[in-house]
J.: 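One structure follows; several queries about it will come next.
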Amino acid sequence: MKFSAITVDVTSLGINTPDGFFTAHYSKRGLARLDFPNAIGEKSRRESNGRPVSAEMQAWHKMTTRAVREVLAGGTHGELPPLDLSAGTEFQQSVWNALRKIARGRTKSYGEVAAVIGRPKALRAVGGACGANPIPLLVPCHRVLAANHKLGGFSGGLDWKRKLLGREGLEFFE
DNA sequence: TAACATTCCGCGC
DNA sequence: GCGCGGAATGTTA
């Protein structure tokens, strides 16, 4: 089931946090992507395209900003803007949906997540879906560990995963 | 077809 | 217990 990429104009807005400058991308449907500060050429960090941002989008960005800061501080995020997950396949969306149900400070293994969505043997694919997750932090892909309670991997860098888990109170990973 | 952010089993240490 | 090698596994580009 594929959906060839439609071109949707997205607006990029920055989020300044004690941990760096995140970038949020919004489509008409909601928050479509969230980028870590990290990284490689720190791509485009331009704020919107010069054009005024709609009131609705400003409201979304306000929620996103607050949510990101709260998560970084180790708390629970409050209200979130609508998430635009239309970029993912159905399988990926069901995985991301399952991830959102993991409470703060809790973890699941890739196998458990696979079982939750009714495909116990697709555990390997769950890993792939996590890697494709466009909205880390808000979709807590960092709470998924390997079965033996090992870290597994993380797109944004394993140090992030450790840091986030540590701030949620899992002292094991400090 | 060839990757994988997996997991399980059997080794040897 | 820990680490390594190898095999089976579902989804994706």
J.: Run the salt bridge (charged side-chain N to carboxylate O under 4.0 Å, His left out) test against A:E70 and tell me which residues pass, sequence neighbours left out.
T.: A:R66

J.: What is the distance from CG of A:L151 to P of C:dC2, rounded to the nearest Å?
T.: 15 Å

J.: Quick one: do A:L31 and A:D84 satisfy side chain to side chain contact (heavy atoms under 4.5 Å, CB included)? Show the steps, please.
T.: CA-CA 5 Å; A:L31 175 63; A:D84 183 5; over 6 Å; no

J.: Under 3.5 Å, side chain of A:N133 to main-chain N/O of A:V139, donor-acceptor pair present?
T.: yes

J.: Is any side-chain heavy atom of A:K108 less than 4.5 Å from a side-chain heavy atom of A:L99?
T.: no

J.: Taking only the side-chain heavy atoms of A:Y110 (C-beta and beyond), determine which of C:dG10, B:dA5, C:dG3 contains the nearest atom.
T.: B:dA5

J.: How many whole angstroms separate atom CD1 of A:I117 from atom C1' of C:dT11?
T.: 10 Å

J.: To the nearest Å, how far apart are A:H149 NE2 and C:dG3 P?
T.: 16 Å

J.: Where does DNA chain B form stems of at least three consecutive Watson-Crick or G-U wobble pairs, each pair having both distances below 3.5 Å?
T.: B:1-4 with C:10-13, B:6-13 with C:1-8

J.: Please report the distance, rounded to the nearest Å, between CG in A:L145 and P in B:dT6.
T.: 12 Å

J.: To the nearest Å, give me how far apart CD (A:Q92) and P (B:dA5) are.
T.: 13 Å

J.: Side chain of A:T89: nearest nucleotide among B:dA5, C:dT11, C:dT12?
T.: C:dT12

J.: Please confirm whether the backbone N or O of A:A129 pairs with a side-chain atom of A:W96, one donor and one acceptor, at under 3.5 Å?
T.: yes

J.: Would you indicate what A:A125 reaches in the nucleic acid, counting non-hydrogen atoms under 4.0 angstrom: base, sugar-phosphate, or nothing?
T.: base

J.: Just to be sure I understand the rule, does A:G111 reach a base, reach only the sugar-phosphate, or reach nothing, if contact means heavy atoms closer than 4.0 Å?
T.: sugar-phosphate

J.: Atom CZ of A:F154 to atom C1' of B:dA5: distance rounded to whole Å?
T.: 9 Å

J.: Whole angstroms only, please: what is the NZ-P distance between A:K150 and B:dA5?
T.: 17 Å

J.: Please work out which of the three classes, parallel, tilted or perpendicular, describes the rings of A:F22 and A:F36, given edges at 30° and 60°.
T.: tilted

J.: Does A:R124 place a side-chain N or O at less than 4.0 Å from the phosphate oxygens OP1/OP2 of B:dA3?
T.: no

J.: Is there a donor-acceptor pair under 3.5 Å between the side chain of A:K163 and the backbone N or O of A:L158?
T.: no

J.: Given B:dA5, B:dT6, C:dT11, identify the nucleotide with an atom nearest to the side chain of A:S155.
T.: B:dA5

J.: Over all strands shown, is A:F91 touching base, sugar-phosphate only, or nothing at heavy-atom distances under 4.0 angstrom?
T.: sugar-phosphate

J.: Would you sort out whether A:T65 and A:R69 count as a side chain to side chain contact (heavy atoms under 4.5 Å, CB included), showing the intermediate values?
T.: CA-CA 6 Å; A:T65 302; A:R69 292 195 178 133; 3.5 Å; yes

J.: Under the criterion side chain to side chain donor-acceptor pair (under 3.5 Å), I'd like the reasoning laid out for A:T64 against A:Y26: C-alpha separation, chi angles, the key distance, then a yes or no.
T.: CA-CA 11 Å; A:T64 305; A:Y26 299 89; 3.0 Å; yes

J.: What I want to find out is whether A:R33 reaches A:D35 closely enough, with some N-O distance under 4.0 Å, to be called a salt bridge.
T.: yes

J.: Generate the contact string for nucleotides 8-13 of chain B. Rules: B means base contact, S means sugar-phosphate contact only, - means no protein heavy atom under 4.0 Å.
T.: ------

J.: Rounded to whole angstrom units, what separation is found between the CH2 atom of A:W96 and the C1' atom of C:dT11?
T.: 13 Å

